[in-house]
There are 2 protein chains.
Amino acid sequence: MIKKPTIRDIAHAASVSVGTVSRVLNGHKSVSPENRRRVEAVIRKFGYRPHPIAQSMRTDSTKMIGSLARNLTFPMMVGFINSAEPILNKAGYVLVFANGNDSVEHELMIIEMFLRRRMDGLLMTLCDEGSPKLRKALKAVNVPMILLDRELDLDTDTVWIDHRGGSALATDYLLELGHRRIALLAGSMVVRPARETEAGFRGAYAARGLIPAEQLIVRSDFMVASAYRSTTDLLAMESPPSAIIIGGTMMLPGVLRAINEAHLRIPEDISIINGCDSDLAEFATPSITVIRKDFAGMGTVAAQLLLERLGETQPKKSKPHRIILPTELIVRQSCAAPPTVAGNKTATRRAAVRRR
Amino acid sequence: MIKKPTIRDIAHAASVSVGTVSRVLNGHKSVSPENRRRVEAVIRKFGYRPHPIAQSMRTDSTKMIGSLARNLTFPMMVGFINSAEPILNKAGYVLVFANGNDSVEHELMIIEMFLRRRMDGLLMTLCDEGSPKLRKALKAVNVPMILLDRELDLDTDTVWIDHRGGSALATDYLLELGHRRIALLAGSMVVRPARETEAGFRGAYAARGLIPAEQLIVRSDFMVASAYRSTTDLLAMESPPSAIIIGGTMMLPGVLRAINEAHLRIPEDISIINGCDSDLAEFATPSITVIRKDFAGMGTVAAQLLLERLGETQPKKSKPHRIILPTELIVRQSCAAPPTVAGNKTATRRAAVRRR
DNA sequence: GGTTCAAAATGAAACGTTTCCATGATACTA
DNA sequence: TAGTATCATGGAAACGTTTCATTTTGAACC
């Protein structure tokens with residue numbers, strides 16, 4: 001491997017000073033057309049590319065964006081990264097990715113690492129909004145940062161998904177169908193999505209002058225294993241729910257398994273709505289009604305917001321942006337009127353057989 | 001934000017030279033216990049951390065690993081990154097991620113970018129093994145590189161998945177059930193997995209002295225849209241297949257949709273086997289038999305292999321590693337004996353109704 | 001033709017490390 | 001005791017840029 005040419009080589013070959021080459025490179029004004037032409041020719045001829053590390057050393061800017069996620073397993077992160085990464089790339093930035101593994105300690109380490117490595121900007125989702133340590137760490141961040149679906153009292157740009165609206169839509173839909181015992185797998189209250197989901201749920205009840213059954217609101221975490229456990233418990237209750245709203249994005253398999261094992265049919269015996277769309281929701285039998293959330297849109301918006309901040313010459317912060325992305329209820333086949341109270345099981349089972 | 005202390009500040013505070021501090025930092029031998037103690041104390045007191053960019057500038061090593069994938073949408077990439085990233089992190093490396101978007105041009109740009117940014121190592125999957133440009137670009141790579149599930153005639157470490165074995169297992173299973181018209185959605189022949197899948201398919205036929213129907217082998221790409229189209233075409237054939245093996249990892253929804261629209265039942269009318277496991281495969285009704293592939297294992301192995309190479313003091317290449325990860329057939333409910341030839345449709349439809 | 005002024009170009013410093021070379025000190029050998 | 005390894009340390013160069021202060025150039029003006 002031949003040694004790469006440096007700016008010095010270019011300067012020499014074009015018989016100008018390194019300063020002049022640098023000015024050509026960075027499009028500065030005062031360089032004569034004649035010299036500019038010559039320098040550019042030599043650059044092309046040598047295939048010269050400036051050394052990014054040396055540039056970083058001098059300018060203290062790395063053209064790198066750090067992205068911290070709780071867990072890449074979440075389908076949302078895939079949609080997010082997939083749409084954010086090309087936008088950043090196009091602007092000359094590179095995405096450095098790290099997994100927080102749902103651990104505060106781990107996330108702290110990663111934040112420290114991002115700052116030490118002089119990331120130019122950060123895209124962050126945290127596992128716990130309540131951790132004072134994390135809050136302090138974020139507060140010390142001195143580069144543009146976009147907070148993703150998290151609520152911390154910091155003056156940073158934020159992109160939120162309207163979990164509350166989606167949840168209300170779903171709840172209202174079930175109430176309209178006649179359900180009165182709706183369970184909610186809300187997830188972990190230490191992050192905004194779970195709290196908003198619960199708020200939307202309660203709001204929909206309240207709008208009809210109804211009150212949800214507290215024991216049907218389950219707050220645990222977003223894992224598939226807890227979903228399975230929670231659903232099993234719910235179905236074993238004295239008076240079980242006639243519908244379940246799944247708050248998280250990856251809990252659906254656990255819920256389906258629990259329902260299968262209880263030998264219940266969807267939607268005859270129980271209705272369900274999932275908290276995000278997925279292959280499984282679309283192609284399960286019956287297909288699952290979902291609250292669709294635009295994670296790809298979140299990636300796009302976050303990337304654009306970040307680039308905007310990075311482009312600001314004035315470091316005097318303009319007011320932080322706060323963007324909320326709408327959600328949508330995709331009605332499929334997993335919801336029906338609740339089983340009638342009298343002659344419950346038999347009636348609905350017969351109906352199901354007729355159905356196909 | 002206070003200015004960070006530099007090695008010079010430490011040297012001054014500990015009344016030693018910067019050289020000595022550097023030696024302490026890098027664990028060199030010849031520094032007196034007394035000085036080492038003092039320097040370490042000052043470092044702790046100041047909370048000093050060496051500046052990674054300056055280190056890179058001097059050592060020409062960035063502690064960054066570039067990872068190029070065709071498309072993060074592939075579930076395999078998620079499993080892969082999720083398991084590789086923590087291993088690299090633990091060793092002090094950082095994962096820089098880029099999406100090739102299934103475009104040769106784009107992948108070339110990214111490779112160039114990785115090299116320019118002086119990645120210490122590369123984890124690569126390409127969209128086309130046949131592209132001379134890509135081959136040339138890879139050949140010019142002068143850092144350790146692991147090739148993932150791709151076959152190029154280069155002396156780099158490689159991690160392969162045993163697509164051939166898995167495909168043979170699946171094919172044999174269907175042949176054993178009595179199927180003789182098995183379709184294969186092989187995917188795009190420009191990458192190894194597709195070719196190996198087809199080879200395993202043919203091998204299983206050959207092992208029984210049988211010959212597959214060529215018109216049932218479909219070679220297109222791995223997208224869900226093509227899967228839908230191909231399946232629709234297959235089902236519309238004069239004598240359609242009685243079973244389908246899906247070569248790709250994300251084509252299942254397309255196949256299911258086409259089968260639904262043709263009003264065929266799985267497995268009574270048609271058997272299917274998917275090329276990788278997924279939530280959908282596990283929880284679809286009926287659940288789908290799959291060839292399970294260990295993408296997480298691939299991430300682990302690739303990361304370890306890469307770290308091993310990076311740790312080699314001798315740059316004299318030892319023989320390239322070539323690791324093949326086994327596959328496994330997970331039998332679920334999507335396969336049955338083919339419909340009997342006589343009285344075909346009626347017979348099986350009745351059977352299906354009986355079934356539940 | 002000399003003076004003035006803006007534009008263009010140069011040369012060197014600086015960014016924060018690592019590493020090499022030289023030097024001094026200490027211990028070991030003959 | 002002198003000679004010679006060995007070890008510890010300091011000082012400085014080097015990595016490849018950008019930028020700043022300074023000098024050079026050339027045109028315009030009177």
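As the structure is a prediction and not an experimental result, all values here were calculated from the model. Chain letters run A, B, ... following the sequence lines, proteins first, then strands; residues in each count from 1.
What separates CZ of A:Arg23 from C1' of D:dT17 is a distance of 14 Å, to the nearest Å. Put simply, CZ on B:Arg118 is 12 Å from C1' on D:dT17, counting in whole angstrom units. Atom C1' of nucleotide D:dT19 and atom CG of A:Leu25 are separated by 14 Å, given to the nearest angstrom. For the pair B:Ile53 CD1 and D:dT17 C1', the interatomic distance rounds to 13 Å; values are reported in whole Å. Distance, B:Arg38 CZ to D:dT9 C1': 12 Å, rounded to whole Å. Going from atom CE of A:Met57 over to atom C1' of D:dT19 covers 15 Å, rounded to whole Å. Spacing between atom CD1 of B:Ile7 and atom P of D:dC15 amounts to 19 Å, rounded to whole angstrom units. Rounded to a whole Å, the NE2 atom of A:His28 is 15 Å from the P atom of D:dT17.
Side-chain N or O atoms of A:Arg38 include one that pairs as donor or acceptor with a backbone N or O of A:Ala14 at under 3.5 Å. B:Ser56 places a side-chain N or O within 3.5 Å of a backbone atom of B:Ser61 that can act as its donor or acceptor partner.
Residue contacts shown for B:Ser30 include a base, since a base heavy atom lies under 4.0 Å away. Nucleic acid contact class of B:Asp60 (heavy atoms, under 4.0 Å, all strands): none.
At D:dT9, one or more side-chain N or O atoms of B:Ser32 fall inside 4.0 Å of OP1 or OP2 (strictly under the cut-off). Taking 4.0 angstrom as the limit, B:Asn35 places none of its side-chain polar atoms (N or O) nearer than this to OP1 or OP2 of D:dA8. When the side-chain nitrogen and oxygen atoms of A:Asn26 are compared with OP1 and OP2 of D:dT18, one or more of them lie within a distance under 4.0 Å. Applying the 4.0 Å criterion to OP1 and OP2 of C:dT18, one finds that B:Gln55 has a side-chain N or O inside that range. Of the side-chain N and O atoms in B:Ser22, one or more sit less than 4.0 angstrom from OP1 or OP2 of C:dT18.
Taking only side-chain atoms of B:Val16, from C-beta outward, the nucleotide of D:dG10, D:dT17, C:dT17 with the closest atom is D:dG10. Comparing C:dT18, C:dT17, D:dT17 by their closest approach to the side chain of A:Arg8 singles out D:dT17.
Exactly one residue among B:Ile146, B:Leu148, B:Leu123 makes a side-chain contact (heavy atoms from CB on, under 4.5 Å) with B:Met298. That residue is B:Leu148.
Mapping B:Gly19 and A:Thr20 onto DNA chain D via the closest heavy atom, the residue that lands nearer the 5' end is B:Gly19.
By the neighbour-count criterion of 12 heavy atoms within 6.0 Å, atom NE2 of A:His106 is densely surrounded, having more than that number from other residues, nucleotides or ligands.
Here A:Arg49 pairs with B:Glu112 in a salt bridge; the nearest charged N to carboxylate O distance falls below 4.0 Å.
A donor N or O paired with an acceptor N or O is found under 3.5 Å between the base of C:dA14 and the side-chain atoms of A:Arg58.
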